[in-house]
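Have a look at the structure below before the remarks.
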Amino acid sequence: MNNYTPTRFMLPTSHYDQSRADRAVNFISCLKHTKGDFYKKPFRLLPWQETVIRDLFGIVKQDGTRQFRTAYVETAKKSGKTELAAAVALYLLCADGEQRAEVYGAAADRQQASLVYAVAADMVRLCDALSRRVKILESRKRLVYEPTNSFYQVLSADANNKHGFNLHGCIMDELHCQPDDRLFNVLTKGAGDARKQSLTFLITTAGDNLQSVCYEQHLKAQAILDGTKTDPTFYPVIYGAPLEADWTDPEVWKLANPSLGVTFSIDKLQEACESAKQNPSEENSFRQLRLSQWVKQSVRWMPMEKWDRCGFPVDTDSLKGRACYGGLDLSSTQDLTAFVLVFPPRNESEKYVILPYAWVPEDTIEARSRKDHVNYDLWKKQGYILSTEGNVVDYDFIEQFILDLREHYDIREIAYDRWNSQMLVQHLADEGMTMVPFGQGFRDMSSPTKELMRLTLEGKLAHGGHPVLRWCMDNIVTKSDPAGNIKIDKAKATEKVDLAVALVMALDRALRNETAGSVYEGRGMIFI
């Protein structure tokens, strides 16, 4: 590869060993493709694939071992990720000089993990040199390289309950499909420590779960690419179109499809795009799978890039004594309970400051984290979620918490959902809090919901980047009536929106009590 330049992520103490890089490239060149028009044709690495291979196997530290221990490769579908992963698996198994190497193939289920294995096994069958040395145990989904007694093994679905791996290599296919982080942790947290240069090779398209282990790895890879994070052992590869880009533009398609024109033609993308334009329900699928964009499957109401731009820092000390308004959404005793304070601006230069609080029962956090695939446990450790003892939310605890907040902030009013809140509301009222019932229908919800969108678009909010509130905002699905009124539709939201609902209620009270009079009276009806 004449125009190859080692990655900018190479350590100053590392160096590029061309002979080792050539060895890996030459090994893969001896393999053959296994499907379609390329069947039995030599595996000629595409430029982007060759860069990955040369970086991973050619960049070594002073002690001669490889610098990179993890590779994250994210591209759109049909880019040749599976074939590349199969080739990497075979190199680690047969040509890496490791005695009794253990190489594992993993995915969300055994069937998915078998896809890479199937390609690797066919590559062995089509290569005389390998077929004489590699035993294929089809019933066990296992390849054994007899000269070093090394093996490549597809993991069963219950492998996340197993430990004791001594892996030299791990191939994880379609990481975005992992239901939680347990299997990932088993295979990446110390499983290769006994090997001098183990390699975890993660391949995936973009997903739709922003609480997943894949999105966590995506963010890490993107941060390294952006230069905001450093991990010399982590090799990031992301081919994807920006969220704000025109998804119908063929020039945008090229950003996510480095194999376009080779492994598939642009006509296939054009057909898929035209279908998505005719059927809006297909748009997100097209953008996720064909443009490698992290988009939710449901239609998103809030443009999250605009929301994220309002993540201005919040100084809680500077808010002490300031007037504010609350929104209380108690939900059910086993669900997410939400309370949000909104501090209206005192002058034109200030923003609406948001302080969110959320509670879950302590005894349900671990189970809910696994079941819902949501980071309740992590958010609890980080202080973004509070817990109450037991397996149901303790309303007495929340009552005292709100009363304690009153010692710091001038809470003028609290809007509350009438459902399931009578006793707590009465107790707070008895303590002198002004409690305002707030309906969940169009009449009460529409205006503040639209105002929330307007303030977000104009950058007039400051929410400090609170991750639980962000998650709830991203989950919002709205419902409209013939008159153009809107409300948050809890029934259609696939995940929690409780903090968003509490925010809308708090914002309504803040807007209605601004010193200049009701914002609704001054501005009139808003249509979004």
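Excluded from the calculations below are hydrogen atoms, water molecules and symmetry mates; all remaining heavy atoms, backbone and side chain alike, are included. Everything numeric here is computed off the predicted structure, so don't read it as measured data.
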_With a 3.5 Å distance limit and no angle check, can you tell me whether Arg69 reaches the backbone of Tyr235 through a side-chain donor-acceptor pair?_
no
*Do other residues, nucleotides or ligands put more than 12 heavy atoms under 6.0 Å from the CZ atom of Arg443?*
no
*Is there a side-chain contact (heavy atoms from CB on, under 4.5 Å) between Asp55 and Val237 once you walk through the steps?*
CA-CA 11 Å; Asp55 282 350; Val237 179; over 6 Å; no
*Of the non-hydrogen atoms in Phe438 and Met505, which two are nearest, and what is the gap between them?*
CD2-CG, 3.4 Å
*Using the ring of each side chain (for Trp, its six-membered ring), is Trp471 parallel, tilted or perpendicular to Trp379, with breaks at 30° and 60°?*
tilted
*Derivation of the side-chain hydrogen bond (donor to acceptor under 3.5 Å, both in side chains) call for Asp430 and Gln426*: CA-CA 6 Å; Asp430 291 342; Gln426 186 59 54; 2.9 Å; yes
*Side chains of Thr204 and Glu74: do they bring a donor and an acceptor to under 3.5 Å?*
no
*Pairwise distance NZ(Lys220) to CD(Glu216) - rounded to 0.5 angstrom*: 8.5 Å
*asked:* Rounded to the nearest 0.5 Å, what separates atom CD1 in Ile354 from atom SG in Cys310?
replied: 8.0 Å
*With distance as the sole test, does Gln178 use its side chain to make a donor-acceptor pair with the main-chain N or O of Ala107 at under 3.5 Å?*
yes
*Find out whether Arg322 and Arg346 are in side-chain contact, i.e. whether some heavy atom of one side chain is under 4.5 Å from a heavy atom of the other.*
yes
_Lys/Arg N to Asp/Glu carboxylate O, Arg287 vs Glu283, below 4.0 Å_ = yes
*Tyr409 to Leu341 - nearest heavy-atom pair and separation*: CD1-CD1, 3.8 Å
*asked:* Is a donor from one side chain sitting under 3.5 angstrom from an acceptor on the other, for Ser387 and Glu362?
replied: yes
*Evaluation steps, ring pair (Phe, Tyr, Trp, His ring centres under 6.0 Å), between Phe234 and Phe68*: CA-CA 6 Å; Phe234 190 97; Phe68 300 109; 9.2 Å; no
*With the side chain counted from C-beta on, respond yes when Leu452 and Met473 share a heavy-atom pair under 4.5 Å apart, and no when they do not.*
yes
_Spacing of Met172 atom CE and Cys214 atom SG [to the nearest 0.5 Å]_ = 9.5 Å
_What's the separation between atom CE in Met423 and atom CG in Leu428, rounded to the nearest 0.5 Å?_
12.5 Å
*What orientation do Tyr215 and His218 show, parallel under 30°, tilted 30 to 60°, or perpendicular over 60°?*
parallel
*Gln217 side chain vs Leu175 backbone, donor-acceptor pair below 3.5 Å*: no
*Would one find more than 12 heavy atoms of other residues, nucleotides or ligands at under 6.0 Å from atom NZ of Lys78?*
no
*For the side chain of Ser79 and the backbone of Lys81, is there at least one donor-acceptor N/O pair under 3.5 Å apart?*
no
_Between CG on residue Leu355 and CG on residue Leu319, distance to nearest 0.5 Å_ = 5.5 Å
_Looking at every non-hydrogen atom in both residues, tell me the closest pair between Gly327 and Ala506 and how far apart they are._
N-CB, 3.4 Å
*asked:* List the residues meeting side chain to side chain contact (heavy atoms under 4.5 Å, CB included) with Asp404, not counting sequence neighbours, and say none if there are none.
replied: Gln400
*Keeping the roles fixed (side chain from Thr7, backbone from Met10), state whether a donor-acceptor pair exists under 3.5 Å.*
no
_Asn475 side chain vs Lys496 backbone, donor-acceptor pair below 3.5 Å_ = yes
*Please lay out, stage by stage, how Leu225 and Phe9 fare under the test side-chain contact (heavy atoms from CB on, under 4.5 Å).*
CA-CA 9 Å; Leu225 290 168; Phe9 305 116; 3.8 Å; yes
*What about the rings of Tyr357 and Phe401, do their centers lie closer together than 6.0 Å?*
yes
_Side chain Glu451, main chain Leu507, donor-acceptor under 3.5 Å_ = no
*Look at the side chain of Asn257 and the backbone N and O of Arg290, then say whether any donor-acceptor pair between them is shorter than 3.5 Å.*
yes
*Shortest non-hydrogen separation from Phe312 to Leu461 and the atoms involved*: CD1-O, 3.1 Å
*Check Met453 against Trp301 and note the closest heavy-atom contact, atom names and distance.*
CE-O, 3.3 Å
*Taking the side chain as every heavy atom from C-beta outward, state whether His408 and Thr316 have any atom pair closer than 4.5 Å.*
no
*Which distance, rounded to the nearest 0.5 Å, do you find between the CG of Asp498 and the CG of Leu330?*
10.0 Å
_Side chain to side chain, Thr337 and Thr388, heavy atoms closer than 4.5 Å_ = no
*Under 6.0 Å between the ring centres of Tyr325 and Phe343?*
no
_Step-by-step salt bridge (Lys or Arg N to Asp or Glu O under 4.0 Å) determination, Lys320 to Asp410_ = CA-CA 8 Å; Lys320 290 182 178 180; Asp410 181 11; over 6 Å; no
*Has the side chain of Asn185 got a donor or acceptor atom that lies under 3.5 Å from a matching backbone atom of Asp181?*
yes
*Glu174 side chain to His176 side chain, donor-acceptor N/O pair below 3.5 angstrom*: yes
*Give the C-alpha distance, both sets of side-chain angles, the deciding distance and a yes or no for salt bridge (Lys or Arg N to Asp or Glu O under 4.0 Å) between Arg512 and Asp508.*
CA-CA 6 Å; Arg512 291 185 183 279; Asp508 177 81; 3.0 Å; yes
*Apply the test side-chain contact (heavy atoms from CB on, under 4.5 Å) to residues Val360 and Leu336: give CA-CA distance (whole Å), side-chain angles for both, the deciding distance (0.1 Å), then the verdict.*
CA-CA 5 Å; Val360 292; Leu336 189 70; 3.6 Å; yes
*Decide if the gap between the ring center of Trp247 and the ring center of Trp253 is smaller than 6.0 angstrom.*
no
*asked:* Strictly distance-based, threshold 3.5 Å: is any side-chain N or O of Thr188 a donor or acceptor partner for the main-chain N or O of Phe184?
replied: yes
*Can you check whether Val504 reaches Met445 side chain to side chain, under 4.5 Å on heavy atoms?*
yes
*Flag side-chain contact, heavy atom, 4.5 Å: Cys273 against Phe286*: yes
*Does the pair Asp329 and Lys490 meet the rule for a side-chain contact (heavy atoms from CB on, under 4.5 Å), with working shown?*
CA-CA 12 Å; Asp329 185 12; Lys490 281 190 173 184; 2.9 Å; yes
*Do Ile486 and Lys479 have side-chain heavy atoms sitting under 4.5 Å apart?*
no
*asked:* Quick one, Pro242 and Leu255 - any side-chain contact, counting heavy atoms below 4.5 Å?
replied: yes
_Could you tell me if Asp444 and Gln440 have a donor-acceptor pair between their side chains, going purely by distance under 3.5 Å?_
no
*State whether Tyr352 and Lys460 meet the cation-pi test: NZ (Lys) or CZ (Arg) under 6.0 Å from the six-membered ring centroid, and within 45° of the perpendicular axis.*
no
_Assess, by modelled atom type and distance only, whether the side chains of Thr228 and Asp226 contain a donor and an acceptor separated by less than 3.5 Å._
no
*List the atom of Leu167, the atom of Arg195, and the distance in Å for their closest heavy-atom pair.*
O-CG, 3.2 Å
